[in-house]
Amino acid sequence: MADSRYRHGMEKILQAIMNGASGEELAAIPLPDTYRAAFVRKEDEHMWDGVASQDKDPRKSIHIGQVPLPEIAPDEVVIAVMASSINFNTVWSALFEPISTFGALARLGRESSWAKRHDLDYHIVGSDASGVVLRVGSAVRNWKPGDKITVHCNHVDDQDPSSHSDSMMGSNQRIWGYETNFGGLADLAVVKANQLMPKPAHLTWEEAAVNALCNSTSYRMLVSPNGANMKQGDVVLIWGASGGIGAYAVQYVLNGGGIPIGVVSSEEKEEILHEMGCEFVINRKKANYKFFKEDGSHDEKEWRRLGSDIRALVGEDPDIVFEHPGRSTFAASIYVVKKGGTVVTCAATSGFMMEFDNRHFWMRLKKLVGSHFANYKESYEANRLIQKGMIHPVMSQVFTLEEVGEASYQVHNNMHEGKLGVLCLAPEEGLGVDDHELRAKVGDKLNWFRR
Ligand code: NAP
């Protein structure tokens with residue numbers, strides 16, 4: 001076993017997991033002092049100063065190497081990460097944009113002696129994981145070594161009163177692996193016990209690892225009363241409908257009896273959406289919308305053209321627009337949404353300073369909802385739908401941990417579809433399935449995005 005993941009004492013842990021060892025057996029295997037992880041370095045914080053966003057290259061700022069394993073707090077667990085995934089936040093960390101995440105680690109570090117562990121000169125990135133619990137802190141009640149789990153990324157201070165109606169409202173709520181250290185793109189990870197969810201038994205490690213962040217985000221945006229609270233028959237315009245969050249959004253609209261209109265930028269992506277059962281698709285490249293004129297001002301004519309295209313497809317305006325590209329589409333989204341309808345947004349990939357024509361907004365009594373990830377309950381409900389085979393992973397490719405830079409580069413440059421899985425401790429694809437019957441029942445839907 002020459003592979004670096006098997007050095008430093010990880011081989012026994014991997015063999016035990018592969019052989020189906022009991023929780024007691026796993027708990028008896030010593031943990032290594034160091035483990036393999038993908039990280040960015042504080043010393044590189046300014047490496048992209050003066051470089052245009054599109055020219056920044058995550059392959060140069062993401063490093064793979066050994067890092068020390070921290071001690072766990074009473075409410076935390078150590079997990080063996082079998083697989084993880086690339087999220088856009090890993091791209092943001094690698095670009096040090098719009099902010100360097102080392103600022104977030106420093107702020108977290110000031111909160112308590114346990115939190116101080118996070119304030120390091122390296123940041124282990126990654127906000128998704130599937131794996132196995134190896135150790136639990138003294139205050140952990142519901143999980144034990146040997147449990148097969150997935151991890152959601154909502155890092156909550158449960159001693160803060162503001163966290164207790166909706167933990168996303170917590171004044172110091174953070175995203176694990178983005179605003180905290182010890183993230184999921186690694187062979188081991190440290191997470192709070194209240195981030196754990198049962199691994200869907202019909203999925204491989206890598207299929208199970210790609211869902212939690214994007215699936216939970218889309219669930220809150222569309223299904224939850226905290227988001228757009230979609231109802232049967234709603235027409236939903238979904239930007240980036242074959243991307244990470246968009247591909248789960250399409251499934252939620254179809255499952256909930258709504259009518260999705262997916263916007264994508266290639267014929268291949270159009271095909272994927274049709275295969276998923278999304279009848280109405282707009283190819284934005286073919287349509288060649290130019291929402292901005294040469295001089296940078298908005299072109300209302302083009303918003304109207306998008307609106308006409310939507311009406312030509314479904315006969316009415318969208319009740320909901322699922323918005324995340326931001327600057328490039330936001331004004332059009334506000335314009336095309338139905339009178340009284342809702343634009344729900346969780347991001348601004350193309351730019352966060354956005355303008356829209358307020359006359360169309362107030363005169364037509366529209367609503368704008370800001371949404372960010374999901375609380376534990378929302379994440380758990382979204383995970384349950386995956387467990388039941390009602391929502392499916394949208395994984396298109398699988399990379400090794402050594403290839404995290406390349407995978408992030410592909411996401412940064414919109415070269416991918418759906419989600420990109422990453423094998424961490426799992427030595428190959430296809431492992432980890434326990435419920436073969438449900439897997440057979442779900443069938444080809446697991447391969448919608450595989451290319
Ligand atoms: P993704 O996999 O890259 O998908 C985004 C899709 O948006 C792309 O596939 C692309 O589709 C479309 N797109 C990109 N630029 C566009 C533009 N200028 N105009 C129209 N469409 C454009 O990313 P993702 O994982 O879905 O994440 C999308 C955004 O949401 C990111 O900014 C991410 O950071 C954010 N996010 C936020 C949260 C949260 O909790 N707040 C959670 C998850 C993600 P086509 O080229 O096919 O149109």
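Quick caveat, the model's predicted, so the values are computed rather than measured. Positions are given from 1 along the sequence. Counting starts at 1 for both ligands and their atoms, following the listed order.
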Of the backbone atoms (N, CA, C, O) and the side-chain heavy atoms from C-beta on, which set of [X] has a member under 4.0 Å from an atom of ligand 1: side chain, backbone, both, or neither?
X: Ile175; result: neither
X: Ile245; result: both
X: His372; result: both
X: Glu417; result: neither
X: Ala347; result: side chain

Any side-chain donor near an acceptor of the partner, [X] and [Y], under 3.5 Å:
X: Ser167; Y: Asn154; answer: yes
X: His155; Y: Thr180; answer: no
X: Asp309; Y: Tyr289; answer: yes
X: Lys231; Y: Asn229; answer: no

Heavy-atom check, side chain of [X] versus side chain of [Y], under 4.5 Å:
X: His298; Y: Asp357; value: no
X: Phe280; Y: Val235; value: no
X: Asp299; Y: Lys290; value: no

What atoms of ligand 1 come closer than 4.0 angstrom to any heavy atom of [X]?
X: Thr349; value: 29 (C), 31 (C), 32 (O)
X: Gly240; value: 6 (C), 7 (O), 11 (O), 12 (C)
X: Phe88; value: 3 (O), 23 (O), 31 (C), 33 (C), 34 (O)
X: Ser328; value: 17 (C), 18 (N), 19 (N)
X: Thr329; value: 19 (N), 20 (C)
X: Trp92; value: 32 (O), 34 (O)
X: Val264; value: 47 (O), 48 (O)
X: Thr217; value: 38 (C), 40 (O), 42 (C), 43 (C)

**OP:** Determine, using heavy atoms of His416 and all atoms of ligand 1, whether some pair is separated by less than 4.0 Å.
**Re:** yes
Sub-3.5 Å N/O-N/O distance, [X] and ligand 1:
X: Cys214; result: no
X: Ser350; result: no
X: Lys269; result: yes
X: Val411; result: no
X: Asn414; result: yes
X: Cys346; result: yes

Subject >> Matching residue for Arg59 among Glu406, Glu402, Glu403 - test: salt bridge (Lys or Arg N to Asp or Glu O under 4.0 Å) >> reply: Glu406
Original post:
In a check of salt bridge (Lys or Arg N to Asp or Glu O under 4.0 Å) between Arg450 and each of Glu275, Glu206, Glu429, Glu417, which one passes?
Top reply: Glu429
Original post:
Out of Leu188, Val81, Leu185, Ile64, which one pairs with Arg36 under the side-chain contact (heavy atoms from CB on, under 4.5 Å) rule?
Top reply: Ile64
Nearest-neighbour protein heavy atom for [atom], which is reported as residue plus atom name and distance:
atom: atom 45 (P) of ligand 1; answer: Ser265 OG, 3.3 Å
atom: atom 48 (O) of ligand 1; answer: Arg284 NE, 2.7 Å
atom: atom 4 (O) of ligand 1; answer: Gly243 CA, 3.5 Å
atom: atom 43 (C) of ligand 1; answer: Leu213 CD2, 3.4 Å

Subject >> Of the listed options His412, His324, Arg327, Met221, closest to atom 28 (C) of ligand 1 (non-hydrogen atoms) >> reply: His324
Original post:
Among Phe330, Phe373, Phe291, which residue places a heavy atom closest to atom 40 (O) of ligand 1?
Top reply: Phe373
Original post:
Does atom CD of Glu267 have more than 12 heavy-atom neighbours from other groups under 6.0 Å away?
Top reply: no
**OP:** Could you give me the CA-CA distance, side-chain angles and deciding distance for Tyr248 and Tyr219, then say whether ring-ring contact (aromatic ring centres under 6.0 Å, His included) is met?
**Re:** CA-CA 8 Å; Tyr248 294 100; Tyr219 180 91; over 10 Å; no
Subject >> For Ser333, side chain to side chain donor-acceptor pair (under 3.5 Å) partners two or more places apart >> reply: Trp239, Glu323
**OP:** Before accepting this row, confirm whether a basic side-chain N of the pair Glu381/Arg384 lies closer than 4.0 Å to the acidic partner's carboxylate O.
**Re:** no
Original post:
In terms of side-chain geometry, is the basic nitrogen of Asp119 or Lys116 positioned less than 4.0 Å from the acidic oxygen of its partner?
Top reply: no
